[in-house]
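Notes for the one structure printed next.
In this chain, numbering begins with 1 at the start of the sequence shown.
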Amino acid sequence: LFQDFSVYFFVYILKYRRRKMKMIERAVKKLFFLSMLFSVMFVAGIPMIVLGASKGIMPVMIIGIIFTALGFYGTPMFWVSYGGKVGLKRLVYAVTEEHLLTVQEIASQLSKSEKEVRSLLDTCFQKGYLSGFVRKGDELALNEAQAPSEKLHAAECQYCGAKFTYKGTDAVCPYCGAMNEEKKRV
């Protein structure tokens, strides 16, 4: 029974890690798309202004002004955000895939100072990119805590004597249907 639980937990952690990498990859792709969009808007806006003004097409000129203004201010902001997010993605990859679990190892691998790595780790925890881990000082460990509804319990029925396992708080015997109060965590 314990081996089955260990295998289940290991598979759960692997799926959880993949989901976290997909989460940050989605954020990186979104910022890349926005960065490219605003860059194109900036470049396209200038000829639109000239074309609209020279041909007397006011809607094209107004759209060109809007594109140029948004591109002028938005392009640098999105590209800087994109670069920062790529750095976070690299850190998440180092932790989840390369299994670097100390600030010193991560700093060495990423060629960053330990202070920078601590700051990046704080950001990753705040954004939920490393929510399957716990930070203990300068070390990271898997968060093995489970909600009470997910904990696996073993029990012996007080009425028919059958041994069974259950999750949550209701220890109902699957053989006789009796409600039991005894709990032993597996």
Side-chain angles (χ1 to χ4, degrees), residues 1-34 81-186:
L1 180 68
F2 184 72
Q3 283 181 327
D4 292 339
F5 181 72
S6 297
V7 169
Y8 169 76
F9 184 70
F10 181 71
V11 169
Y12 172 78
I13 291 298
L14 286 177
K15 287 180 181 178
Y16 188 78
R17 285 181 182 169
R18 286 188 197 120
R19 190 171 49 219
K20 288 298 162 187
M21 277 304 292
K22 285 182 182 179
M23 189 170 129
I24 194 163
E25 285 173 355
R26 241 183 283 127
V28 167
K29 286 178 184 177
K30 176 182 168 187
L31 279 174
F32 179 74
F33 173 77
L34 288 171
S81 296
Y82 170 75
K85 196 68 75 172
V86 168
L88 291 178
K89 178 184 173 188
R90 177 63 184 107
L91 185 132
V92 170
Y93 183 83
V95 171
T96 60
E97 301 299 324
E98 296 176 357
H99 309 292
L100 302 177
L101 299 176
T102 65
V103 169
Q104 293 79 17
E105 291 172 339
I106 298 168
S108 174
Q109 181 71 16
L110 301 181
S111 300
K112 295 190 181 288
S113 71
E114 292 180 12
K115 184 179 179 182
E116 285 178 286
V117 170
R118 286 184 194 99
S119 175
L120 290 172
L121 283 171
D122 289 341
T123 302
C124 285
F125 278 110
Q126 289 170 355
K127 302 247 183 207
Y129 299 143
L130 292 174
S131 59
F133 292 87
V134 180
R135 186 168 171 191
K136 298 175 183 175
D138 279 354
E139 293 185 11
L140 299 174
L142 285 176
N143 185 0
E144 296 180 6
Q146 297 176 342
S149 62
E150 295 178 358
K151 291 180 182 176
L152 189 61
H153 302 279
E156 184 174 331
C157 182
Q158 300 168 352
Y159 303 99
C160 70
K163 294 182 181 181
F164 62 95
T165 59
Y166 65 97
K167 288 184 178 182
T169 57
D170 295 329
V172 177
C173 178
Y175 304 103
C176 70
M179 183 70 128
N180 293 274
E181 295 181 17
E182 181 182 335
K183 294 181 191 175
K184 295 178 187 173
R185 184 164 182 236
V186 176

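- T123 contributes a side-chain N or O that, together with a main-chain N or O of S119, makes up a donor-acceptor pair within less than 3.5 Å.
- What you find for L88 and I24 is that their closest heavy atoms are C-CD1, 3.5 Å.
- Closest approach of M23 to G128, counting heavy atoms only: CE-O, 3.6 Å.
- The two residues A107 and V117 come nearest to each other via the heavy atoms CA-CG2, 3.6 Å.
- The heavy-atom pair separating F164 from P174 by the smallest distance is CG-CD, 3.5 Å.
- The one candidate from I106, T102, V103 that meets the side-chain contact (heavy atoms from CB on, under 4.5 Å) condition with E114 is V103.
- In this structure the side chain of V86 never reaches within 4.5 angstrom of the side chain of L31, judged on heavy atoms.
- Considering all non-hydrogen atoms of both residues, A178 and Y159 come closest at CB-CD1, 3.2 Å.
- Heavy atoms from other residues, nucleotides or ligands lying under 6.0 Å from CD of E139 number 12 at most.
- With a 4.5 Å cut-off on side-chain heavy atoms, R135 and L130 do not count as touching.
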Worked verdict on K85 versus Y129 for side chain to side chain contact (heavy atoms under 4.5 Å, CB included):
CA-CA 11 Å; K85 196 68 75 172; Y129 299 143; 3.1 Å; yes
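- With E116 contributing its side chain and S113 its backbone, the two residues share a donor-acceptor pair below 3.5 Å.
- Under the 4.5 Å side-chain criterion, counting only non-hydrogen atoms from C-beta, D138 is in contact with R118.
- Side-chain contact between L140 and V134 is absent, with no heavy-atom pair separated by less than 4.5 Å.
- Classification of K29 and E25 as a salt-bridged pair fails, no side-chain N sitting under 4.0 Å from a carboxylate O.
- Summarising the geometry of V172 relative to G177, their closest heavy-atom pair is CG1-O, 3.8 Å, with the distance given to 0.1 Å.
- Using a 4.5 Å heavy-atom cutoff, the side chains of L101 and F133 are in contact.
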Test side chain to side chain contact (heavy atoms under 4.5 Å, CB included) on L120 and K112 and set out the steps.
CA-CA 10 Å; L120 290 172; K112 295 190 181 288; 3.7 Å; yes
